[in-house]
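Structure, as structure tokens:
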Number of protein chains: 2
Amino acid sequence: MRYIANPYQCPVTRTMSIIGGKWKPIILNCIGDKSLRFGKLNQLIPAISNKVLSGELKELEDLALIERREFNELLPRVEYRLTKSGQSLIPLLHELANWGNTNLAKKLENAIK
Amino acid sequence: MRYIANPYQCPVTRTMSIIGGKWKPIILNCIGDKSLRFGKLNQLIPAISNKVLSGELKELEDLALIERREFNELLPRVEYRLTKSGQSLIPLLHELANWGNTNLAKKLENAIK
DNA sequence: AATAGTAGTAACCTGTAGGTAACCAGTATT
DNA sequence: AATACTGGTTACCTACAGGTTACTACTATT
């Protein structure tokens with residue numbers, strides 16, 4: 001496989017533009033194989049504001065990595081779950097996590113702050 | 001494996017902070033198993049400015065992903081190559097590229113611009 | 001009638017990754 | 001004596017990801 005040295009055509013950069021954000025890998029991982037409501041996600045990830053969470057969810061939906069389902073019952077609710085494509089990212093995320101754990105655990109504590 | 005829903009402690013985010021930049025995966029991939037000079041890298045990646053290239057190389061060196069070797073010969077030169085740790089990233093980059101190619105090829109052409 | 005929970009929006013602000021352009025000292029070429 | 005190449009540095013600028021705060025309309029609870 002050959003890479004072209006231009007980020008706009010680079011497949012790694014392309015993947016990064018999806019999972020490279022601050023919250024997307026965390027959101028994907030939190031959802032996992034469950035079907036979660038907005039509020040539940042907000043609880044699981046307390047550091048995210050609901051504006052940002054809402055934006056990220058919309059982007060993930062546009063990328064067809066998650067599915068948004070509205071239930072118009074007496075008290076209406078919304079649930080999010082991974083699509084096939086989204087599920088296929090999970091093992092990749094785990095590998096990234098592993099690499100980070102084995103290769104960088106201490107080295108980065110300060111760098112990341 | 002359990003993730004804590006906070007990017008500063010998230011191992012995926014940790015890894016991302018290294019390869020998640022615009023140029024780092026490209027640089028790592030360009031070096032590959034070779035030993036490249038600054039100027040050569042600049043040629044291979046024409047879209048990067050030498051200020052940014054210089055900065056990225058410094059960061060990659062700080063992270064011990066590449067090695068910088070100065071040769072103080074008649075015309076002094078500098079060569080960069082991957083460390084063991086840097087080499088261990090290459091397969092991961094390939095997987096990211098693969099995922100991007102199979103799952104997103106078209107979907108993102110516009111999104112990324 | 002007041003408060004809390006639902007799933008968000010709207011307006012505004014900020015930090016920083018990345019970009020541009022000019023410059024450096026030393027050597028080699030023309 | 002002028003220009004180009006080496007491997008960078010410095011100062012300055014900008015776009016945008018992400019953050020903060022306040023607000024919405026609806027229902028349920030007390």
Side-chain angles (χ1 to χ4, degrees), chain A residues 5-8 10 12-13 16-27 30-31 35-63 66-81 108 110-113, chain B residues 5-8 10 13 16-27 30-31 35-63 66-81 108 111-113:
Chain A
N6 178 331
Y8 297 126
C10 166
V12 177
T13 304
M16 291 301 175
S17 75
I18 295 155
I19 51 171
K22 182 168 176 181
W23 297 107
K24 291 199 183 62
I26 291 177
I27 293 171
C30 278
I31 298 180
S35 186
L36 291 185
R37 305 177 60 175
F38 187 90
K40 184 67 180 172
L41 274 167
N42 226 338
Q43 275 175 36
L44 289 174
I45 317 173
I48 197 173
S49 74
N50 46 5
K51 174 217 153 187
V52 172
L53 177 55
S54 151
E56 302 286 291
L57 289 171
K58 219 170 278 173
E59 286 178 37
L60 289 172
E61 199 194 351
D62 288 345
L63 293 163
I66 64 173
E67 244 179 18
R68 183 181 186 282
R69 296 185 299 163
E70 280 189 51
F71 297 89
N72 290 312
E73 300 167 1
L74 261 192
L75 46 162
R77 62 204 165 88
V78 179
E79 289 193 3
Y80 297 92
R81 56 177 180 182
L108 269 180
N110 299 331
I112 270 196
K113 198 183 79 208
Chain B
N6 178 330
Y8 298 127
C10 166
T13 304
M16 291 301 176
S17 75
I18 294 155
I19 52 171
K22 181 167 177 183
W23 296 108
K24 291 198 183 62
I26 293 177
I27 293 170
C30 276
I31 298 180
S35 186
L36 291 185
R37 304 177 59 175
F38 187 90
K40 184 67 180 172
L41 275 167
N42 226 337
Q43 276 174 36
L44 290 173
I45 316 173
I48 197 174
S49 73
N50 46 5
K51 174 219 153 185
V52 173
L53 178 54
S54 151
E56 302 286 290
L57 288 171
K58 219 171 278 172
E59 286 179 37
L60 289 172
E61 200 196 349
D62 288 347
L63 294 162
I66 63 173
E67 244 180 18
R68 183 181 186 280
R69 296 186 298 162
E70 279 190 51
F71 297 89
N72 289 312
E73 300 166 0
L74 261 192
L75 47 160
R77 65 207 164 85
V78 180
E79 289 194 3
Y80 295 92
R81 56 177 180 181
L108 268 180
I112 269 197
K113 194 175 92 204

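So you know, we letter chains A, B, ... as the sequences are listed, proteins then strands, and number each from 1.
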Length of the line joining [X]:[atom1] and [N]:[atom2], which is rounded to integer Å:
X: A:Leu36; N: C:dG8; atom1: CG; atom2: C1'; answer: 17 Å
X: A:Leu74; N: C:dT6; atom1: CG; atom2: C1'; answer: 13 Å
X: A:Lys22; N: C:dG15; atom1: NZ; atom2: P; answer: 13 Å
X: B:Lys24; N: C:dG18; atom1: NZ; atom2: C1'; answer: 10 Å
X: A:Ile48; N: D:dG19; atom1: CD1; atom2: C1'; answer: 11 Å
X: B:Ile45; N: C:dG19; atom1: CD1; atom2: P; answer: 12 Å
X: A:Leu53; N: D:dT20; atom1: CG; atom2: C1'; answer: 15 Å
X: A:Asn72; N: D:dA25; atom1: CG; atom2: P; answer: 18 Å

How would nucleotides 5-11 of chain D be written as a contact map, 5' to 3', with B for base contact, S for sugar-phosphate-only contact and - for no contact, using protein heavy atoms under 4.0 Å? -SSBBBB
Residue pair A:Tyr80, A:Ile27: steps toward the side-chain contact (heavy atoms from CB on, under 4.5 Å) verdict: CA-CA 10 Å; A:Tyr80 297 92; A:Ile27 293 171; over 6 Å; no
Show your reasoning for whether side-chain contact (heavy atoms from CB on, under 4.5 Å) applies to A:Arg68 and A:Leu57. CA-CA 9 Å; A:Arg68 183 181 186 282; A:Leu57 289 171; over 6 Å; no
When rounded to the nearest 0.5 angstrom, what distance separates [atom1] in [X] from [atom2] in [Y]?
X: B:Lys22; Y: A:Met16; atom1: NZ; atom2: CE; answer: 14.5 Å
X: B:Leu36; Y: B:Ile66; atom1: CG; atom2: CD1; answer: 10.0 Å
X: A:Leu60; Y: A:Glu56; atom1: CG; atom2: CD; answer: 6.5 Å

Between the two end axes of the helix from C:dA1-D:dT30 to C:dT30-D:dA1, each built from 5 base pairs, what angle do you get to the nearest 10°? 10°
Of the non-hydrogen atoms in A:Gly21 and A:Pro25, which two are nearest, and what is the gap between them?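 Distance-wise, the nearest heavy atoms are O-CD, 3.6 Å.
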What contact category does B:Glu70 fall into here, base, sugar-phosphate, or nothing, at under 4.0 angstrom with non-hydrogen atoms?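 Contact class for B:Glu70: none.
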With sequence neighbours left out, which residue pairs that include part of residues 35-55 of chain A fulfil the salt bridge (Lys or Arg N to Asp or Glu O under 4.0 Å) condition? none
Pairwise salt bridge (Lys or Arg N to Asp or Glu O under 4.0 Å) hits with a residue in residues 71-81 of chain A, at least two apart: A:Glu67-A:Arg81, A:Arg69-A:Glu79, A:Glu73-A:Arg77, A:Arg77-A:Glu79
Acceptor/donor pairs from residues 41-50 of chain A side chains to any protein atom, 3.5 angstrom cut, sequence neighbours excluded:
unit_1	atom_1	unit_2	atom_2	d
A:Ser49	OG	A:Val52	N	3.3

